[in-house]
Amino acid sequence: MEYWQILLSILIGVLGIHYFFRRFNYFKRHGILHVPPVLIFGDMMSIALRRTSFADYLQKLYWFKPDAKYYGFYPTSRPVIMLRDPELVKEVFVKNFDLFPNRRGLAEFNDILFSKNLFSLRDQKWRDVRNLLSPSFTSSKMKMMYTLMFECAVDFSESLLKVSADKNDTDMKDVFSKYTNDVIATCAFGIKVDSMKDPTNQFYVYGKETTSFIGDRAFKFLFVRAFPTLAQFLRLKFLSDGATNFFKDIVKTTIATRDAKNITRPDMIQLMMDMRGKREGDKELSIDDMSAQAFIFFLGGFETSSTAMSFIAHELAANPDVQAKLRQEIDEALEDSKEKVTYETINHLKYMDMVISETLRLYPPVVFVERECESFYEFPPALPGEKSVTIKKGQLIWVPIYAIQRDDKYYDEPEKFRPERFSDKNTYHNSPCYTPFGIGPRMCIANRFALLEIKVLLFHLLARCELKPCAKTMLPMRLSKKGLALMPEGGFWLNVQRRSDMHPTIESTIS
C-alpha cells in the first residue's frame, strides 16, 4: 500500500472516530440526563439483530428513569429526547406547536412518493396541503364513503365465510389487509377490486410490498435512518421502480379518465382535481404531488388499519365475554334497524367504540411520534433539584405512545384488556395519556376514516362469524422481533366459524 493511501486511511479513521465520539457525546456535553450510548447504529442495533421488538425496546427505554420528565438517548447516531411527562407532551405538541411543526418525514428514501407526501412535508407547504386535504375527512365525506366501505365489507364477509368453511384456522392479518386494500382502492382511487377473490391484483401486490418492514427491509429502513447522507449518496430506495410507477400511473390515468368522461366521485383524488387552477401556496399541485398524497393515504391505511383490526380480533377471541357482549350490541342494532344499517347506526355502537379504544390503547397503530425543534426552547428540570435545559434547532423529540398507554400511573392494570375503562364516565379520550393517532395539529388526518372502516368491518364480521383461539394463536401475546411493526410472534391466527344464528342479509342505507 502506498504511503498516501496509509495516511488517507488514518485520516478517515481519525475523522470517523471524532465524528462518532462527538455525536455520541452530545448529551454529556450539554448536561442532559441520558441513556448511555451504543456506538455506530445506536440502540437500534438490538432491533436490527432481532434481539427485541421495537415496541419492547421503547418500553424498556421509557422505564430508564421513571421519575424523570424526559431524557436523551441515541436510537441511531442522531441524539433524541424522549418525553415521558404528559403535560410536557401537551406543551410541545399542542401549545407550542409553532416551535415544533415538523418531523423528519421520509424524504431520505429517494422517492417522490415519500418526499412529497403530507407525512414528510414541512412548514408552510405542509399547512397548505393539510388544509387542502382536510375536507376529505369531514363527517359529511365519511358519510358518503360509508356505502363504499359497506360494499367492501359485504364482499369480504361472504368470501371469508367460504374460506373459513374450508379451513377454519385463518391468518387474520392477511384477510384484513385485503379488506383495507379494497376500501382504500375504492375510496381514494375510485377503483373497484376484490382482493379476497383476486389476491394477485396490483393494488394488493404493491400494497404488500410497500408496507413490509420485515427482514432486509427493516434493516434498510434503520440504515437509512442512521446514515441519511450516505443513503442519499448511494441512492438507496425503499420502493421498487415498479411500485413507484404503478402509483403514479394509476393517479394519472384516473385523472385523465375522469376528465374525459366527466366522472365525479367523493374521494381524495377528486378533491385534488377540483383544486386545479387554484393557487396552493406558491405552487399548484402537480401529478407527482397528487400521487404522493394518495400514496401516503394508501401506505398508512393498508398497514395500520389492518393491524388494528387484527389486534381487535385477537382480543375478542381471547376474551369471549367481550365478544359476546359486542355481538349482542350488533344483533340489537340489526333488529332495531330491520337489517338496514345506516351510517348513524354504526357510529352509535357505544360498546364497539369502547372495544376499539381499548385495543388502540394496548396496541397503538404507531408506537411513537416525533417532532423536530425549530428554535431554542427551554425544558423544565428533568428531575427535582436539577437545572432546566435549553435545546437547539434541529433537536428531535420522541413521545413513546405505546409505553405511556401501558403505564400504571395512568391506567389501572394496564396490561389487561378492559373495554369498560373507556365508558362515558371516563375521560381518557381527551387525555395526553391516550394518543393512538398522535397529538396536536399533526395528528393522523385520516383517523375518522380508519375508525369507520374498522367499525364497518367489525359489524359484518361479528354479525356472521364467531372468533376463537386456535393452536397457532399467541396466548399470552408476545411481540415479534422480526420487524418494526407491532405483530405477534407467528402472526395473527384465529379460528373463524360461521354463526349458527348468522344474519343472512345486511343492507346499507343512507338516512
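Remember, it's a predicted structure, so these values are computed and weren't measured experimentally. Note that these values count all heavy atoms, side chains included, but never hydrogens, waters or copies made by symmetry.
- With sequence neighbours excluded, no residue forms a side-chain hydrogen bond (donor to acceptor under 3.5 Å, both in side chains) with T359.
- Between F137 and F297, the ring planes lie tilted relative to each other; the angle falls in the 30° to 60° range.
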When you look at N319 and Q323, which way does the side chain to side chain donor-acceptor pair (under 3.5 Å) test go after all the steps? CA-CA 6 Å; N319 298 274; Q323 183 177 172; over 6 Å; no
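- Note on E489 versus R478: salt bridge recorded, some NZ/NE/NH1/NH2 to OD/OE distance being below 4.0 Å.
- Contacts classified as salt bridge (charged side-chain N to carboxylate O under 4.0 Å, His left out) and involving residues 179-189 (residues at least two apart or in different chains) are not found.
- Annotation: cation-pi geometry not satisfied between R361 and Y434 (NZ/CZ under 6.0 angstrom from ring centroid, within 45° of ring axis).
- The cationic group of R442 does not satisfy the cation-pi geometry with F119, failing either the under 6.0 Å distance to the six-membered ring centre or the 45° limit from the ring axis.
- Ion pair K173/E303 flagged as a salt bridge, since at least one NZ, NE, NH1 or NH2 atom sits closer than 4.0 Å to an Asp/Glu carboxylate oxygen.
- Residues passing the ring pair (Phe, Tyr, Trp, His ring centres under 6.0 Å) test with F246, sequence neighbours excluded: F203, Y206.
- By the ring pair (Phe, Tyr, Trp, His ring centres under 6.0 Å) test, F247 pairs with F295, F298, sequence neighbours left out.
- Within 6.0 Å of atom NZ in K350, 12 or fewer heavy atoms from other residues, nucleotides or ligands are found, so the atom counts as exposed in its surroundings.
- For K197, there are no side-chain hydrogen bond (donor to acceptor under 3.5 Å, both in side chains) partners at least two apart in sequence or on another chain.
- Take Y179 and apply the ring pair (Phe, Tyr, Trp, His ring centres under 6.0 Å) test, not counting sequence neighbours, and it matches F156.
- The only option from R327, Q328, E329, E420 that meets the side-chain hydrogen bond (donor to acceptor under 3.5 Å, both in side chains) definition with Y351 turns out to be E420.
- Between F311 and F492, the two ring planes are perpendicular [angle over 60°; tilted spans 30° to 60°].
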For N347 and T345, run side chain to side chain donor-acceptor pair (under 3.5 Å): C-alpha distance rounded to whole Å, both residues' side-chain angles, the deciding distance at 0.1 Å, then the answer. CA-CA 5 Å; N347 281 298; T345 300; over 6 Å; no
